[in-house]
There are 2 protein chains.
Amino acid sequence: MHRVSRDDEGHQRLNRERVLSVSIALADRTGIDSLTMRRHGEELGVEAMSLYNHVANKVDLLNGMVDAVFNEIELPSHNDDWKTAMRKRSVSFRAVLSRHPWATGLKDSGTNPGPATLRHHDRVIGTLRNAGFSIAMTAHAFSALDSYIYGFAMQEKNLPFTTEEDTAARAHIMLAQLPANEYPYLAELTADHVLKPGYNYADEFPLGLELILDGLERWLEKHKLEQEPDTER
Amino acid sequence: MHRVSRDDEGHQRLNRERVLSVSIALADRTGIDSLTMRRHGEELGVEAMSLYNHVANKVDLLNGMVDAVFNEIELPSHNDDWKTAMRKRSVSFRAVLSRHPWATGLKDSGTNPGPATLRHHDRVIGTLRNAGFSIAMTAHAFSALDSYIYGFAMQEKNLPFTTEEDTAARAHIMLAQLPANEYPYLAELTADHVLKPGYNYADEFPLGLELILDGLERWLEKHKLEQEPDTER
DNA sequence: ACCTGAACACCGTTCAAGT
DNA sequence: ACCTGAACACCGTTCAAGT
């Protein structure tokens, strides 16, 4: 327990971690477009230029935010079978992206992955490898799962409605504006599915996830059969 | 054939369509961040403020660009069975997003879909409905497929390398920087898969796509069996 | 009807100056 | 070592003025 240094007005001393956590909270609350260096400084009771003592520039800040988000994702557990482990981490991943929707659109994890991102990827790959997936199959599985998770989070983020009450209201308006004779199937789906009470897009996630996990399991079994006689690695 | 009006310097008269196509070309070439109203006007030999005669504001411009991109996607054909039709349009969708990577991150298709977007969605939904998918299953299938496509395009866009020659160079550097003892599985995958000659991330797309299409087919068959006796509509 | 120039309220970032 | 104030080169957008 060491005391944090404070200035005369009682502000905590800045550090990278605090800068990142405040910017994440701000982006969650007001959207990524509202996250400006000036607004961010204001939030910390400091001038925008002070931030440059703790992050190299705005890109570095965004990279750091994405890596911090990866840290929130539940790692696949060594105690679960691969399917359970991947299911849990996928559900966690989606929940995290849902909490931080701005993270979905940021390209930083690909080009400049931080330590949390690397650790997460390493554990996912390791889980699949240890379950018997070949290297190529691991790459396929990783790509399929993460594409689905990212894409789902992105669609969720871009939905015109957020709360469940909101859904009915917005969808009704959209439906009214929709020329039903021009888009009959879209109108039907909206009226008979989206507008049904209790509809929540997030509920779609597990269905597609199981589709992919089942497919991967089938791949794995087929692959194991092909290797059958000399099964001892 | 009507002659386009030109001013003294031979510039074509502006219109919304031309504004959109130039902005798409500019975004493709220089990235979405470089697409500013001023730069865009310059490209057209016009002041930035002239653009406001043809688009309401920048958000409207971006919405229009996304809808124009949707127009490039091959619609599912009525002459193909549902699986073939969905495969073709999915492959086309990914190729289009690969040509216009900036479109992946734009939220406009969800909140303010244009006519091309609506038509595309209507045809996709219609294809599934006519193949015997229930409304709920259609929604599931649509969500699973489009999540995968969007997510794949996004991962592709965020890859640290683009050309195949580039891949080897960049991956080598990344691998060298990667503490192999800390991230052994990631290092292995990079060395034994990504760095293999001929590796191209885009090749992963069909594999995940077939996984999902096969899963959907299995759903459909199970669903048809459950409805079996009264199979008429 | 369409284009322009000047202006406004913002950005990210630098740099010398303060403590 | 960290924070600040002024400044620079940008943004999107408005509005009155031109043709």
Side-chain angles (χ1 to χ4, degrees), chain A residues 2-24 26-27 29-66 102 105-108 111-112, chain B residues 2-24 26-27 29-66 102 105-108 111-112:
Chain A
H2 66 90
R3 305 197 38 230
V4 283
S5 33
R6 295 166 183 280
D7 68 14
D8 294 349
E9 294 188 34
H11 294 310
Q12 263 183 241
R13 217 43 179 332
L14 287 188
N15 55 52
R16 187 171 222 267
E17 201 185 337
R18 210 159 82 83
V19 165
L20 287 180
S21 80
V22 166
S23 63
I24 288 171
L26 188 56
R29 207 167 67 246
T30 67
I32 195 72
D33 288 341
S34 306
L35 177 68
T36 69
M37 298 302 270
R38 284 170 170 86
R39 178 82 186 72
H40 185 190
E42 210 174 288
E43 194 81 4
L44 283 156
V46 109
E47 296 299 316
M49 301 74 202
S50 309
L51 300 171
Y52 288 87
N53 289 305
H54 305 100
V55 293
N57 48 44
K58 191 160 184 183
V59 169
D60 179 40
L61 174 70
L62 295 173
N63 279 333
M65 289 167 69
V66 169
W102 45 266
L106 263 34
K107 69 144 140 281
D108 315 290
T111 49
N112 206 341
Chain B
H2 66 91
R3 304 194 43 228
V4 281
S5 34
R6 294 166 183 282
D7 67 13
D8 295 349
E9 294 188 32
H11 293 310
Q12 264 183 242
R13 229 7 178 5
L14 287 187
N15 55 52
R16 188 172 223 265
E17 201 186 337
R18 209 160 84 84
V19 165
L20 287 180
S21 80
V22 166
S23 63
I24 288 173
L26 188 58
R29 207 167 68 245
T30 66
I32 194 75
D33 288 341
S34 306
L35 177 67
T36 69
M37 298 304 269
R38 283 169 170 86
R39 178 82 187 72
H40 185 189
E42 210 175 288
E43 195 80 5
L44 283 156
V46 109
E47 296 300 316
M49 300 73 202
S50 308
L51 300 171
Y52 287 87
N53 289 304
H54 305 99
V55 294
N57 49 42
K58 191 161 185 184
V59 169
D60 179 40
L61 174 70
L62 295 173
N63 279 333
M65 289 167 69
V66 169
W102 45 267
L106 262 35
K107 70 146 141 277
D108 315 291
T111 49
N112 205 342

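Predicted model only: the values in this text are computed from it and were never measured.
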Round to the nearest Å and state the distance from B:N15 atom CG to C:dA1 atom P.
-> 17 Å
Side chains of B:L35 and B:I32: does their closest heavy-atom pair fall under 4.5 Å?
-> yes
B:L20 versus B:L61, closest heavy-atom pair with distance | CD2-O, 3.6 Å
Under 3.5 Å, which N/O atoms of the protein pair with N/O atoms of nucleotides 9-12 of chain D?
| residue | atom | partner | partner atom | Å |
| --- | --- | --- | --- | --- |
| D:dG12 | OP1 | B:M37 | N | 3.3 |
| D:dG12 | OP1 | B:K58 | NZ | 2.7 |
| D:dG12 | OP2 | B:M37 | N | 2.9 |
| D:dG12 | N7 | B:R38 | NH1 | 2.5 |
| D:dG12 | O6 | B:R38 | NH2 | 2.9 |

Which whole-number value in Å describes the distance from A:M49 CE to C:dC15 P?
-> 14 Å
Give every residue pair that meets the salt bridge (Lys or Arg N to Asp or Glu O under 4.0 Å) criterion with at least one member in residues 29-38 of chain B, sequence neighbours excluded.
-> B:R29-B:E43
Writing each nucleotide of DNA chain D 5' to 3' as (, ), [, ], | or . by Watson-Crick or G-U pairing under 3.5 Å yields ||.|||||...|||||.||
Between CG of A:N53 and CG of A:N15, what distance do you get to the nearest 0.5 Å?
-> 12.0 Å
Using whole Å, report how far CG of A:L51 lies from P of C:dT13.
-> 11 Å
Applying side-chain contact (heavy atoms from CB on, under 4.5 Å), run through B:V59 and B:L62 and close with a yes or a no.
-> CA-CA 5 Å; B:V59 169; B:L62 295 173; 5.5 Å; no
Taken in chain and number order and not counting sequence neighbours, the residues that satisfy side chain to side chain contact (heavy atoms under 4.5 Å, CB included) with A:S34 are A:T30
Would you list the protein and nucleotides 16-19 of chain D atom pairs, both N or O, that sit under 3.5 Å from each other?
none

Examine C:dA1: is either OP1 or OP2 under 4.0 Å from a nitrogen or oxygen in the side chain of B:H54? Give yes or no.
-> no
What do the steps show when you test A:M65 against A:L106 for side-chain contact (heavy atoms from CB on, under 4.5 Å), and what is the final call?
-> CA-CA 10 Å; A:M65 289 167 69; A:L106 263 34; 5.6 Å; no
Over all heavy atoms of both residues, which pair between A:N57 and A:Y52 is shortest? Give the atoms and the distance, please.
-> CA-CE2, 3.9 Å
Rounded to the nearest 0.5 Å, the CE atom of B:M49 sits from the CE atom of B:M37 at a distance of 9.0 Å
With sequence neighbours excluded, tell me which residues meet salt bridge (charged side-chain N to carboxylate O under 4.0 Å, His left out) with B:R16.
-> B:D60
For A:E47 and D:dC2, what is the distance between atoms CD and C1' respectively, to the nearest whole Å?
-> 13 Å
A:H40 side chain to A:V22 main-chain N or O, any donor-acceptor pair under 3.5 Å?
-> no
Taking only N and O in the side chain of B:S50, is any of them less than 4.0 Å away from OP1 or OP2 of C:dT4?
-> yes
